[in-house]
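In what follows, chains carry the letters A, B, and so on, assigned in the order in which the sequence lines appear, proteins first and then strands, with residues in each chain numbered from 1.
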Number of protein chains: 2
Amino acid sequence: MARRAERPVEARARLSRERVVRAAVALADEAGIESLSMRRLGEALGVEAMSLYNHVANKGQLLDGMVDLVFSEIDTPADDRDWKSAMRRRAISARGVLARHPWAIGLMESRTTPGPATLRHHDAVIGCLRRGGFSVAMAAHAFSVLDSYIYGFALQEANLPFDSGEATAELAQAILAQAADDYPYLTELTVEHVLQPGYDFGHEYAFGLELILTGLEHARDEPA
Amino acid sequence: MARRAERPVEARARLSRERVVRAAVALADEAGIESLSMRRLGEALGVEAMSLYNHVANKGQLLDGMVDLVFSEIDTPADDRDWKSAMRRRAISARGVLARHPWAIGLMESRTTPGPATLRHHDAVIGCLRRGGFSVAMAAHAFSVLDSYIYGFALQEANLPFDSGEATAELAQAILAQAADDYPYLTELTVEHVLQPGYDFGHEYAFGLELILTGLEHARDEPA
DNA sequence: ACCTGAACACCGTTCAAGT
DNA sequence: ACCTGAACACCGTTCAAGT
């Protein structure tokens, strides 16, 4: 009893692969992926770092599990919706999930072994398109362009110098003050668009998404 | 004379920030970004790791410089082309550059301080769109959707389990054998499309690119 | 079956000391 | 002005030893 009270809350439950991966995601969300070490993760779980190796083979496998867990949070397209609504819905869901776990997008480049949740998601997307009347080849095209857009937007959003929503005007102004001459078009766009009240980079998402969905609708009906 | 001969070739020239950054890019290209350490980079340059700190403040600044160097390799839109050709050209150029330096796309998530080459490139892109008849707001939309697509496609390409071009049939077959029941649509797409002779994921790039360019052309002429 | 302490070969970075 | 050796506080991972 007294012994148990000395340990962190998380240590009460038994360790498992899932608990390890979940704790790693929580740690990366809070402190950033660069702060995720086996020692720190052990500490967060009330255990020595070496104990983690009973549940994951190595750090690479842990990272694979984290990416797959993030994927599992994205809405899977349902059977009963038309493909366009379903694709819109999962694209919006994906943006939210990747904004909550911005480190995941940077991890995807180095993690080439997709997990079960990732495969399940991909399968559901392709299935939705096939049932929506897309040929195999056209489903592959649609899958490629939609996923590129979703991940690329998330990458740009994670990449913003200011925090996602409203631009911090001081920062932008400071940058621009020294650079207005060198980058006239960037300056124009920043002053007349980005720094306008109510601007949110996230609003750009809908424009591109609808552009792609409309394009796909035409391509489905009139294959090249 | 004898002394000089004992040192690696690269050490002959004087160290500079540019040489350090270039050597870091070369090392990351050859051995992967995870192999890039200050000690290893020093070794490649025939110098102790600590000498590097005379030219870059820390490793983060080195990574910033590497990303900016990669950006400088992408074709900048020229003045004399119509916007559509110019955007097509720089998109194709960007894919090649990011395929040569696949670690760069994963780095972008954590590097939020754009360098001069990055800013110059962005300025040229926006300028090309403005001169091509896009309003400020529409140029921002176009910029966002094109860059999302370019980076997202590069991210997916870096992410492929097989090496970019042709799929290694054995690997794909092995995966599918165990998973055909769980992922029927993914199986169909893989067998009937990906594993067909001559398939190259890179071919998907043109489809999405033309879809987006066509959509932008309409949006420019009939703003919502 | 699970956890740990000590150890190994690495990291990024500092600082005083050399030239 | 530039480079270095030693040192510090970290890493991921192994292995034999504990329960």
Side-chain angles (χ1 to χ4, degrees), chain A residues 1-4 6-25 27-28 30-67 103 106-107 110-111 113, chain B residues 1-4 6-25 27-28 30-67 103 106-107 110-111 113:
Chain A
M1 283 293 229
R3 283 194 123 201
R4 193 202 266 169
E6 288 163 22
R7 312 179 122 220
V9 180
E10 294 87 346
R12 280 180 202 150
R14 209 81 180 321
L15 224 52
S16 69
R17 191 192 137 92
E18 194 190 333
R19 281 194 67 229
V20 169
V21 174
R22 284 196 185 281
V25 167
L27 188 54
E30 282 167 38
I33 192 73
E34 73 284 351
S35 305
L36 176 71
S37 70
M38 299 301 268
R39 282 170 169 89
R40 284 230 226 177
L41 180 55
E43 200 179 5
L45 285 160
V47 104
E48 296 300 314
M50 300 74 198
S51 304
L52 303 173
Y53 288 89
N54 288 307
H55 302 98
V56 289
N58 48 46
K59 194 176 179 182
Q61 201 175 91
L62 174 66
L63 297 176
D64 284 338
M66 292 168 70
V67 170
W103 44 267
L107 231 53
S110 53
R111 308 282 98 210
T113 313
Chain B
M1 282 292 231
R3 284 191 122 202
R4 192 202 267 169
E6 286 161 24
R7 313 180 121 219
V9 179
E10 293 87 347
R12 280 180 203 150
R14 209 82 179 318
L15 225 54
S16 70
R17 191 192 137 93
E18 194 189 333
R19 281 194 68 227
V20 169
V21 174
R22 285 197 183 280
V25 167
L27 188 54
E30 282 167 38
I33 192 75
E34 74 283 351
S35 304
L36 176 70
S37 70
M38 298 302 267
R39 281 168 170 88
R40 284 231 227 177
L41 179 57
E43 200 177 6
L45 284 160
V47 107
E48 296 300 315
M50 300 73 200
S51 303
L52 303 173
Y53 288 89
N54 287 306
H55 302 97
V56 289
N58 49 44
K59 193 177 181 181
Q61 201 176 91
L62 175 65
L63 297 176
D64 284 336
M66 292 168 71
V67 169
W103 45 266
L107 230 54
S110 53
R111 308 283 96 210
T113 314

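- Where DNA chain C pairs in unbroken runs of 3 or more (Watson-Crick or G-U, both distances under 3.5 Å), the stems are C:4-8 with D:12-16, C:12-16 with D:4-8.
- Whole-Å rounding puts the A:Arg14 CZ to C:dC2 C1' distance at 7 Å.
- Applying the salt bridge (Lys or Arg N to Asp or Glu O under 4.0 Å) test to A:Glu48 and every residue at least two apart in sequence or in another chain returns nothing.
- Distance B:Gln61 CD to C:dT13 P: 11 Å, rounded to the nearest Å.
- Checking the phosphate oxygens (OP1, OP2) of C:dT4, a side-chain nitrogen or oxygen of A:Ser51 falls inside 4.0 Å.
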What pairs of donor and acceptor atoms, side-chain ones from residues 34-41 of chain A against any protein atom, are under 3.5 angstrom apart with sequence neighbours left out?
{"from": "A:Ser35", "atom 1": "OG", "to": "A:Ala31", "atom 2": "O", "distance (Å)": "2.9"}
{"from": "A:Ser37", "atom 1": "OG", "to": "A:Arg40", "atom 2": "N", "distance (Å)": "3.1"}

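- Across all non-hydrogen atoms, the minimal contact from A:Ile33 to A:Trp103 is CB-CB, 3.6 Å.
- Taking each heavy atom of B:Arg17 and B:His55 in turn, the nearest pair found is CG-O, 3.4 Å.
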Original post:
Run the side-chain contact (heavy atoms from CB on, under 4.5 Å) check on A:Leu63 and A:Met66 step by step: do they pass?
Top reply: CA-CA 5 Å; A:Leu63 297 176; A:Met66 292 168 70; 3.9 Å; yes
Tabulate atom names and distances for all N/O pairs under 3.5 angstrom spanning the protein and nucleotides 10-12 of chain D.
{"from": "D:dC11", "atom 1": "OP1", "to": "A:Ser37", "atom 2": "OG", "distance (Å)": "3.2"}
{"from": "D:dG12", "atom 1": "OP1", "to": "A:Met38", "atom 2": "N", "distance (Å)": "3.2"}
{"from": "D:dG12", "atom 1": "OP1", "to": "A:Lys59", "atom 2": "NZ", "distance (Å)": "2.9"}
{"from": "D:dG12", "atom 1": "OP2", "to": "A:Met38", "atom 2": "N", "distance (Å)": "2.8"}
{"from": "D:dG12", "atom 1": "N7", "to": "A:Arg39", "atom 2": "NH1", "distance (Å)": "2.4"}
{"from": "D:dG12", "atom 1": "O6", "to": "A:Arg39", "atom 2": "NH2", "distance (Å)": "2.9"}

Might you list the N or O atoms of the protein lying below 3.5 Å from N or O atoms in nucleotides 16-19 of chain C, with each pair's distance?
none

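- Across A:Gly42 and A:Leu52, no two heavy atoms sit closer than the pair N-CD1, 3.8 Å.
- Rounded to an integer number of Å, the gap from A:Met50 CE to C:dC8 P is 14 Å.
- The side chain to side chain contact (heavy atoms under 4.5 Å, CB included) check on B:Thr113 picks up B:Asp64, with sequence neighbours excluded.
- Distance, B:Glu48 CD to C:dT14 P: 17 Å, rounded to whole Å.
- In this structure, B:Glu43 atom CD and D:dC3 atom P are separated by 17 Å, rounded to whole Å.
- With contacts defined as side-chain heavy-atom distances shorter than 4.5 Å, the pair A:Leu45/A:Leu15 qualifies.
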